[in-house]
Amino acid sequence: MNMKTLFDKVWQQHVVVPETQEAPAVLYIDLHLVHEVTSPQAFAELATRGLKVRCPDRTLATLDHSTPTLPAIDGELPYVTDEARHQVATLRANAATFGIELLDFGSGQRGIVHVVGPEQGATQPGMTIVCGDSHTSTHGAFGAIAFGIGTSEVGYVLASQCLLQRKPKTMAINVEGTLRADVCAKDVILHIIRTIGVEGGTGYAIEYRGSAIRGLDMDGRMTLCNMSIEAGARCGMVAPDEVTFAYLKDRPRAPKGDAWEAAVARWRDLASDADAQFDRQVHINAAEIAPTVTWGTHPGMGLSLSESVPNADDAQLAKARRYMGWETGEALTGRAVDVVFIGSCTNGRLSDLRAAADQLRGRHVHPRVRMLVVPGSDQVKRDAEAEGLHDVFRAAGAEWREPGCSMCIAMNGDIVEPGQIAVSTSNRNFEGRQGKGSRTILASPAVAAASAVVGALAVPASPRPERH
Amino acid sequence: MNPITELRATTFVLHQDNIDTDQIIPARFLTTTERTGLGRAAFYDWRFDASGAATTHPLNGEAKSHAILIAGHNFGCGSSREHAPWALLDFGFRAVISSEIADIFRSNALKNGLLAIVVGAEEHAYLIANPGIELRIDLETMQITGPNDWHTGFALDAFARRCLMMGVDQLGYLLAQDAAIAAFERNRAA
Ligand code: SF4
């Protein structure tokens, strides 16, 4: 009888040495993505021990976290500090020394690590993918086991192409039915995290299933899997299907010709078997999901836009209310906002920029609001400009920037000032995440852009579909 | 890494759930290319106000004399930055105990000799309610003992425990699997 889950199948294909009581499994890694922030100490360790990178061709590096989103002035990029500049130079030097491909400035392929992997076709179904970054879960949208690792482990993978891992439990999150027309993947994942909690997924690999998930395009599936870590899960996955294959076909690093046909045949077998057993099942009715945002200081503090801030006198809720400056029981919509950020590995892809532009076309950003639009990659930027989205943003009064993580993590100088409220399409609303004292409301691109126009947290207007 | 078989130290309590890695070390300190000296950045935005002056947070006071951090539920959630355990260690903590510790943080902590230990809800409540007590964490017997015969067992992955007790990291073990890894690669190529 076939009873394996998608996760089980991919896992099994990568076990080099099986797990025992005494030792975790040795798991082979197909693709190792590297960026400037979590790699320098790992390369230093390799150098100290006189080790080489075992599989440079399975390693791909990019620059995203510390990089400026303003263009070079007289050939000099405006780094926030010399230390940031040095960090980027360090990865450049390490890539050269260890023979790793770096998607550098000028390559036309640089961008946020979780945006460039898929768009280059490097991310493929059935792979194991790791990166020194927790949002590596994004790549699970293709039916890969993809998870974030620490810097020590970055060194282990560089040196051995393997990791020591215990097999996590599996959880199926079934979203059945039809999503409301005004609901997108960001709303779905904020709703899921609100439902299972920020540690609801701890110790689990999640598979998102059901008709509502199958109905999402790849950008949406990536948004969904991206925030699996915000529910505490090791990783999130969606079974590969025709949507996945259509996305990958003809991507630069995807298989070609006969190899493509063979790969697709292999990928088709990855889906969970009909009677596969999961350790936990969660059922969600798609029709019950409304446009959702966070009001508090962790991603589980989500509410639909029509709700009001909870008035329970629970200490944690009260602390979050105080930090965010809400009155008890205050309605969410109408809360004045100072900054709107469109971007990140959660919502910095082309369809996200389109959704934001649809809210802005022929309208103007409220004078109180600073709006920053940061494409997820060079490719996203080119595609967006080809359809004139940059003109829509600029005409509306938003800043159109160079690709990078930017205000999602606020380590490149793009920050939300102390006390300011930002509506952000990123993934974390922790205290100070977007700069010391910053206050973050997580939302979809449509909600964020609509709020920029109103100057307050707002329900999206019906889009003006003049796009094509 | 020095081998660790036991830790005897007093506790400092941070009674707050879901303390994320952005609190443990804010992102703007991550442009470093080193792993040392990050203690100054630990809990920076709790310890210093907007003008850079030290706050009255107990992390600036009594915390300095305690090496075991007792933290609220789901400690270390958020990013995979290993800078978080590096900062805690450099600050002076040798162990963190909670009723839930986020996956990646725990894995990172153990690799650096920061004992990340999960205890039951009842034991956790006791530790939260009794700051400053001396505990003995014994990796041999997998027991934590406190004053007046208070004690509790804890679970720790057998492999992580062995690495801690021998003072070795996992890389040596992985490199020793070279033949198996090469065979795996050959099989797949075939
Ligand atoms: S966009 Fe944000 S979450 Fe994504 S990789 Fe960059 S910093 Fe991390």
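Nothing here was measured: the structure is a model prediction, and the numbers come from that model.
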Practice task
Please step through side chain to side chain donor-acceptor pair (under 3.5 Å) for the pair B:Gln177 and A:Ser160, ending with a clear verdict.
Solution key: CA-CA 9 Å; B:Gln177 309 294 318; A:Ser160 73; over 6 Å; no
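- Contacts between B:Tyr173 and chain A at a heavy-atom distance below 4.5 Å involve the side chain alone, from C-beta outward.
- Other residues, nucleotides and ligands contribute only 12 or fewer heavy atoms inside 6.0 Å of the CE atom of B:Met166.
- B:Ile104 touches chain A through its side chain: at least one heavy atom from C-beta onward sits under 4.5 Å away, while N, CA, C and O do not.
- Of all non-hydrogen atoms in B:Ser80 and A:Ser134, the two that sit nearest each other are OG-N, 3.4 Å.
- Residue A:Asp57 places its CG atom among more than 12 non-hydrogen atoms of other residues, nucleotides or ligands, all under 6.0 Å distant.
- Interface residue B:Thr32: backbone and side-chain heavy atoms are both found under 4.5 Å from chain A.
- Contact count versus chain A (heavy atoms, under 4.5 Å) is highest, among B:Ala160, B:Ser79, B:Ala180, B:Ala158, for B:Ser79.
- Among A:His86, A:Arg166, A:Gln21, the residue with the largest count of heavy-atom pairs under 4.5 Å with chain B is A:Arg166.
- Both the backbone and the side chain of B:Thr33 come within contact range of chain A, each with at least one heavy atom under 4.5 Å from a heavy atom of that chain.
- Under the 4.0 Å criterion applied to side-chain N and carboxylate O atoms, B:Arg81 and A:Asp133 are not assigned as salt-bridge partners.
- Contact annotation for A:Ser66: only side-chain heavy atoms (C-beta onward) come within less than 4.5 Å of a heavy atom of chain B.
- For A:Val17, the part lying under 4.5 angstrom from a heavy atom of chain B is the side chain only.
- No more than 12 heavy-atom neighbours from other residues, nucleotides or ligands sit within 6.0 angstrom of NZ on A:Lys52.
- The contact between B:Phe159 and chain A is made by backbone and side chain atoms together, counting heavy-atom distances below 4.5 Å.
- With chain B as the partner, the residue from A:Leu91, A:Val198, A:Thr136 showing the most heavy-atom pairs under 4.5 Å is A:Val198.
- Contact annotation for B:Glu34: only backbone heavy atoms (N, CA, C, O) come within less than 4.5 Å of a heavy atom of chain A.
- Close approach to chain B, defined as a heavy atom under 4.5 Å from one of its heavy atoms, is seen in A:Ile409, A:Met411 of residues 407-416 of chain A, taken by number.
- Between B:Asp22 and A:Arg428 there is no salt bridge, since no side-chain N of the basic residue sits under 4.0 Å from a carboxylate O of the acidic one.
- For A:Glu45, the part lying under 4.5 angstrom from a heavy atom of chain B is the side chain only.
- Of the listed residues (B:Ala27, B:Gly72, B:Ala183), the one with the most heavy-atom contacts under 4.5 Å to chain A is B:Ala27.
- If you measure heavy-atom distances from A:Gln316 to chain B, the contacts under 4.5 Å come from the side chain alone.
- Paired with A:Ser152 under the rule side-chain contact (heavy atoms from CB on, under 4.5 Å), one option of B:Leu171, B:Asn112, B:Asp169, B:Asn108 passes, and it is B:Asn112.
- A donor-acceptor pair is defined here as one N or O able to donate and one able to accept, closer than 3.5 Å; no such pair exists between the side chain of A:Glu431 and the backbone of B:Asp45.
- Heavy-atom distances place no part of A:His65 under 4.5 Å from chain B, backbone and side chain included.
- Heavy-atom distances place no part of A:Arg85 under 4.5 Å from chain B, backbone and side chain included.
- Heavy-atom distances place no part of B:Ala176 under 4.5 Å from chain A, backbone and side chain included.
- Taking a cutoff of 4.0 Å between a charged side-chain nitrogen and a carboxylate oxygen, A:Asp30 and B:Arg188 qualify as a salt bridge.
- Residues B:Glu82 and A:Gln41 are not in side-chain contact: their nearest non-hydrogen atoms beyond the backbone lie 4.5 Å or more apart.
- Using a 4.5 Å cut-off on side-chain heavy atoms (C-beta onward), A:Phe430 and B:Asn18 make no contact.
- A:Glu83 and B:Thr31 are linked by a side-chain donor-acceptor pair at a separation below 3.5 angstrom, with hydrogens and angles left out of the test.
- Using a 4.5 Å heavy-atom cutoff, the side chains of B:Ser107 and A:Glu153 are in contact.
- With a threshold of 4.5 angstrom between heavy atoms, A:Glu36 does not approach chain B through any atom at all.
- Proximity of a side-chain donor or acceptor of B:Gln170 to a complementary backbone N or O of A:Tyr156 within less than 3.5 Å is not detected.
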Problem - Pair B:Asp20-A:Arg433, salt bridge (charged side-chain N to carboxylate O under 4.0 Å, His left out): steps then yes or no - result: CA-CA 10 Å; B:Asp20 57 81; A:Arg433 166 75 177 187; over 6 Å; no
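- The part of A:Ile149 that comes within reach of chain B is its backbone (N, CA, C, O), which places non-hydrogen atoms under 4.5 angstrom from that chain.
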Practice task
Kindly indicate, with the supporting measurements, whether the criterion side-chain contact (heavy atoms from CB on, under 4.5 Å) is fulfilled by B:Glu185 and A:Cys55.
Solution key: CA-CA 11 Å; B:Glu185 286 172 332; A:Cys55 303; 3.6 Å; yes
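- No part of A:Asn94 comes within reach of chain B, as not one of its non-hydrogen atoms sits under 4.5 angstrom from that chain.
- Across A:Pro24 and B:Asp157, no two heavy atoms sit closer than the pair CG-OD2, 4.2 Å.
- Chosen from A:Val16, A:Asn427, A:Val37, the residue pairing most often with chain B at heavy-atom distances under 4.5 Å is A:Val16.
- Chosen from A:Lys319, A:Gln161, A:Glu230, the residue pairing most often with chain B at heavy-atom distances under 4.5 Å is A:Lys319.
- Heavy-atom distances place no part of A:Val154 under 4.5 Å from chain B, backbone and side chain included.
- A heavy-atom distance below 4.5 Å is not found between the side chains of B:Leu30 and A:Gln87.
- Remark: B:Arg162 does not engage A:Glu22 in a salt bridge, criterion side-chain N to carboxylate O under 4.0 Å.
- Atom CG of residue B:Leu174 and atom SG of residue A:Cys162 lie 6.5 Å apart, to the nearest 0.5 angstrom.
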